Number of protein chains: 2
Amino acid sequence: MDPTTRMIAAAEHLFDRHGYTATGIDRLTEAAEMSSRTLYKRAGSKAQLMAQVLEARDRRFMAGIEVRSVDALFAALEAWMQAEGTRGCLFLRSRAETGGETPEIAEAVAAHKARFHRRIGEIVAADLGQEDSALTEQVLVLFEGATHAAVYRGAEAVTAARAAAGLLVEGVRA
Amino acid sequence: MDPTTRMIAAAEHLFDRHGYTATGIDRLTEAAEMSSRTLYKRAGSKAQLMAQVLEARDRRFMAGIEVRSVDALFAALEAWMQAEGTRGCLFLRSRAETGGETPEIAEAVAAHKARFHRRIGEIVAADLGQEDSALTEQVLVLFEGATHAAVYRGAEAVTAARAAAGLLVEGVRA
DNA sequence: CCACATGTAAACCGATCGTTTTACATTGCA
DNA sequence: TGCAATGTAAAACGATCGGTTTACATGTGG
């Protein structure tokens with residue numbers, strides 16, 4: 001396994017479970033099995049490491065929601081949660097934790113959320129046969145809501161979001 | 001203004017904007033205009049201070065959603081955001097930031113979310129004339145989704161959630 | 001007048017922060 | 001054989017962390 005890949009994977013795991021600020025360089029180097037000197041050579045800085053983590057996560061997440069219907073979108077969310085757990089959105093969390101004052105992180109989050117919004121629009125369009133910005137916004141809200149409500153409501157939140165989205169799509173189609 | 005109230009208000013402001021971990025005791029004492037000795041006498045510890053912040057926020061938030069219809073609930077959310085900004089849910093954020101490993105915080109968050117879920121159920125029941133756990137879950141997801149989507153989508157997220165909730169309520173009523 | 005509670009500023013505790021540097025080992029290539 | 005790259009472990013950087021303590025100022029009530 002490529003050292004850089006290993007470093008990013010280890011960092012994602014720690015940042016996701018213990019938070020960005022609370023995770024120190026020592027724990028990162030230990031988990032990545034490399035010295036701090038090597039980590040800094042590959043990552044640049046802690047903030048840049050987080051940005052690389054977010055970029056990798058964005059690619060994995062977007063690959064997971066390559067679907068053509070709203071229902072499949074929520075099925076994909078369920079699968080994502082099964083594999084990755086329910087700790088909310090790492091992008092929003094890391095942005096909030098740094099108060100939006102860490103440029104590398106703020107930019108990675110903004111880029112991801114823009115891509116995410118665009119993708120939802122494409123899925124809605126594929127499902128309906130035409131674009132619908134209002135329905136897109138509603139599906140996005142349901143997705144974000146399921147992600148965060150699942151932290152304390154569990155899988156039921158995704159089920160509810162999926163059902164609600166189905167009704168809303170049906171309402172527009174009729 | 002009561003020193004304890006001033007302390008909690010100052011702490012809420014800092015924690016909300018810069019994160020729990022990133023906010024040091026020095027900045028808290030400065031904002032609260034008291035020595036660290038007094039702060040520790042009143043707060044106990046940083047984690048207990050955060051718990052007190054969350055309890056105060058819970059009271060203010062719950063008072064803000066004392067409504068009897070789903071539509072009024074989202075109107076209240078809009079008002080809350082106008083007054084408090086759109087930085088997501090401080091409860092979920094602080095819990096995630098500490099990895100759920102800080103008991104005072106984890107307990108305050110769990111208590112708030114339980115109250116929140118119960119309240120949504122009451123609002124749905126008042127609106128419909130009877131309880132509906134499925135609709136309750138959907139409204140909760142929409143509320144949580146609007147809260148978090150508004151961070152990057154703005155007020156449009158609340159508008160979408162409100163419209164979606166209206167349609168779902170109408171669907172159940174029919 | 002004295003005792004007490006309550007506050008302050010500031011030093012101090014050991015630990016950890018992100019980051020750089022030092023000194024040395026290993027490896028592949030000319 | 002020897003140089004350059006790449007890695008390591010570990011020390012050191014100044015700063016800051018959460019938390020405690022010391023020494024002193026205040027006002028209040030017996």
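Quick caveat, the model's predicted, so the values are computed rather than measured. Because only heavy atoms are used, hydrogens play no part in the values below, and waters and symmetry mates are left out as well, while side chains stay in. Naming convention: chains lettered A, B, ... in sequence-line order (proteins, then strands); numbering from 1 in each chain.
Note on residues 85-128 of chain A: pairs passing ring-ring contact (aromatic ring centres under 6.0 Å, His included), not counting sequence neighbours, are A:F61-A:H112, A:F61-A:F116, A:F91-A:H112, A:F116-A:F143.
Not counting sequence neighbours, the partners of B:E131 by the side-chain contact (heavy atoms from CB on, under 4.5 Å) test are B:A125. Partners of B:A126 by side-chain contact (heavy atoms from CB on, under 4.5 Å), not counting sequence neighbours, listed by chain and number: B:R68.
Looking at every heavy atom in both residues, A:I120 comes nearest to A:L140 through CG2-N, 4.1 Å.
The footprint of chain B on DNA chain D, defined by a heavy-atom cutoff below 4.0 Å, extends from D:dC17 to D:dT22.
The pair B:R119-B:E122 counts as a salt bridge, with a side-chain nitrogen and a carboxylate oxygen less than 4.0 angstrom apart. Ion pairing between a basic and an acidic side chain is recognised when a charged N comes within 4.0 Å of a carboxylate O; B:R60 and B:E84 show such pairing. Electrostatic pairing of A:E156 and A:R153 counts as a salt bridge here, judged by a charged N lying under 4.0 Å from a carboxylate O. For the pair B:R93 and A:E97, the salt-bridge criterion is not met [side-chain N within less than 4.0 Å of a carboxylate O].
Near DNA chain C, meaning a heavy atom under 4.0 Å from it, residues 31-44 of chain A has A:S36, A:R37, A:Y40 in order of number. Only at 4.0 angstrom or more do the heavy atoms of residues 2-28 of chain A sit from any atom of DNA chain D, so none qualifies.
Note that A:K46 lies outside the cation-pi zone of A:Y40, set by a 6.0 Å cut-off to the ring centre and a 45° limit from the axis.
In this structure, CG in A:L73 is found 11.5 Å from CD in A:E78, a value given to the nearest 0.5 Å.
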